[in-house]
Amino acid sequence: VQLQASGGGLVQAGGSLRLSCGASGTIFKINDMGWYRQPPGKQRELVAAITSDGSANYASSVKGRFTISRDNAKNTVYLEMNRLKPEDTDVYYCNANIFVSPSEYTPFNYWGQGTLVTVSS
């Protein structure tokens with residue numbers, strides 16, 4: 001299984017970007033999917049996560065500006081980022097808990113390669 005993230009780039013403060021992350025390979029079922037970022041000198045932190053039935057939760061710093069969604073048919077999770085701030089600059093990593101066979105009791109946790117978001121002031 002691989003997670004491939006895309007959509008990062010350079011944007012001015014107040015602008016928008018949309019990140020995508022698709023899962024490929026042998027997949028039986030995907031549970032939670034999410035986006036994380038890792039500020040310099042800090043631990044990787046949750047930005048937003050979404051369950052398989054669409055329930056979402058957000059870090060307080062992005063609530064009201066970012067929206068996470070997913071397309072279960074495409075095994076893809078999205079992060080719509082609006083009103084971006086310079087402090088949102090970071091590498092964004094997608095994450096997913098994936099069952100690769102129906103005989104598994106617990107899913108495997110996978111990480112994407114990260115996509116860089118740079119917000120200029």
Side-chain angles (χ1 to χ4, degrees):
V1 174
Q2 287 189 329
L3 296 180
Q4 182 69 43
S6 62
L10 173 64
V11 64
Q12 287 189 331
S16 299
L17 281 175
R18 189 190 195 212
L19 306 184
S20 300
C21 178
S24 61
T26 302
I27 297 170
F28 171 66
K29 179 185 176 183
I30 302 178
N31 277 5
D32 294 0
M33 304 183 82
W35 291 93
Y36 290 73
R37 63 190 182 189
Q38 188 164 10
K42 297 184 178 181
Q43 288 187 332
R44 195 169 289 186
E45 62 184 24
L46 175 70
V47 176
I50 186 167
T51 64
S52 57
D53 62 1
S55 297
N57 66 284
Y58 299 90
S60 57
S61 59
V62 307
K63 196 172 293 184
R65 299 187 297 122
F66 291 10
T67 302
I68 190 170
S69 61
R70 63 190 284 172
D71 185 331
N72 291 331
K74 296 181 179 179
N75 293 332
T76 299
V77 62
Y78 306 96
L79 186 68
E80 185 75 34
M81 304 185 294
N82 298 314
R83 304 200 310 275
L84 281 159
K85 304 175 181 180
E87 51 263 43
D88 295 318
T89 295
D90 213 324
V91 177
Y92 285 71
Y93 299 91
C94 60
N95 178 271
N97 292 313
I98 299 175
F99 291 93
V100 298
S101 100
S103 63
E104 293 170 344
Y105 290 100
T106 57
F108 288 97
N109 186 258
Y110 293 91
W111 289 95
Q113 85 285 9
T115 184
L116 176 63
V117 172
T118 304
V119 184
S120 63
S121 57

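The analysis underlying the following values was restricted to heavy atoms, covering all of them including side chains, and did not include hydrogens, waters or symmetry mates.
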key: side chain to side chain contact (heavy atoms under 4.5 Å, CB included) involving Thr51 - partner list, sequence neighbours excluded   = Asp32, Asp53, Ser55
request  = Kindly write out the residues that satisfy side-chain hydrogen bond (donor to acceptor under 3.5 Å, both in side chains) with Asp71, not counting sequence neighbours, or none if the list is empty.
outcome  = none
key: With Ser103 via side-chain hydrogen bond (donor to acceptor under 3.5 Å, both in side chains) - residues at least two apart   = Ser101
inquiry  = Show every salt bridge (Lys or Arg N to Asp or Glu O under 4.0 Å) that has at least one partner inside residues 100-121, sequence neighbours left out.
reply    = none
query = What pairs of residues pass the side-chain hydrogen bond (donor to acceptor under 3.5 Å, both in side chains) test when at least one of them lies in residues 58-67, not counting sequence neighbours?
reply = Arg37-Ser61, Arg65-Asp88
request  = Could you check if a side-chain atom of Glu80 sits within less than 4.5 angstrom of a side-chain atom of Ser69, using non-hydrogen atoms only?
outcome  = no
request  = Sorted by first residue and then second, give each side-chain hydrogen bond (donor to acceptor under 3.5 Å, both in side chains) pair with at least one member in residues 3-23; sequence neighbours left out.
outcome  = Ser16-Asn82
request  = Indicate yes or no: at least one non-hydrogen side-chain atom of Met81 is less than 4.5 angstrom from one of Val11.
outcome  = no
request  = Can you tell me which residue pairs pass the ring-ring contact (aromatic ring centres under 6.0 Å, His included) test with a partner in residues 64-95, sequence neighbours excluded?
outcome  = none
List, one per line, each side-chain donor-acceptor pair under 3.5 Å for residues 109-117, sequence neighbours excluded.
residue	atom	partner	partner atom	Å
Asn109	OD1	Asn95	ND2	2.9
Asn109	OD1	Trp111	NE1	3.3
Asn109	ND2	Asn95	OD1	3.0
Asn109	ND2	Asn97	OD1	2.7
Gln113	OE1	Ala5	N	3.1
Gln113	NE2	Ala5	O	2.9
Thr115	OG1	Gly8	N	3.0

request  = Please go through Phe99's hydrophobic cluster and name the other residues, only I, L, V, M, F, W, Y counting, with side-chain heavy atoms under 4.5 Å joining them.
outcome  = Phe28
note = Applying side chain to side chain contact (heavy atoms under 4.5 Å, CB included) to Leu10 and not counting sequence neighbours gives Thr118, Ser120
request  = State, yes or no, whether a side-chain contact exists between Lys29 and Pro102 at a heavy-atom distance under 4.5 Å.
outcome  = no
task = Please collect all disulfide (SG to SG under 2.5 Å) contacts where either partner lies in residues 16-111, sequence neighbours excluded, each pair once.
result = Cys21-Cys94
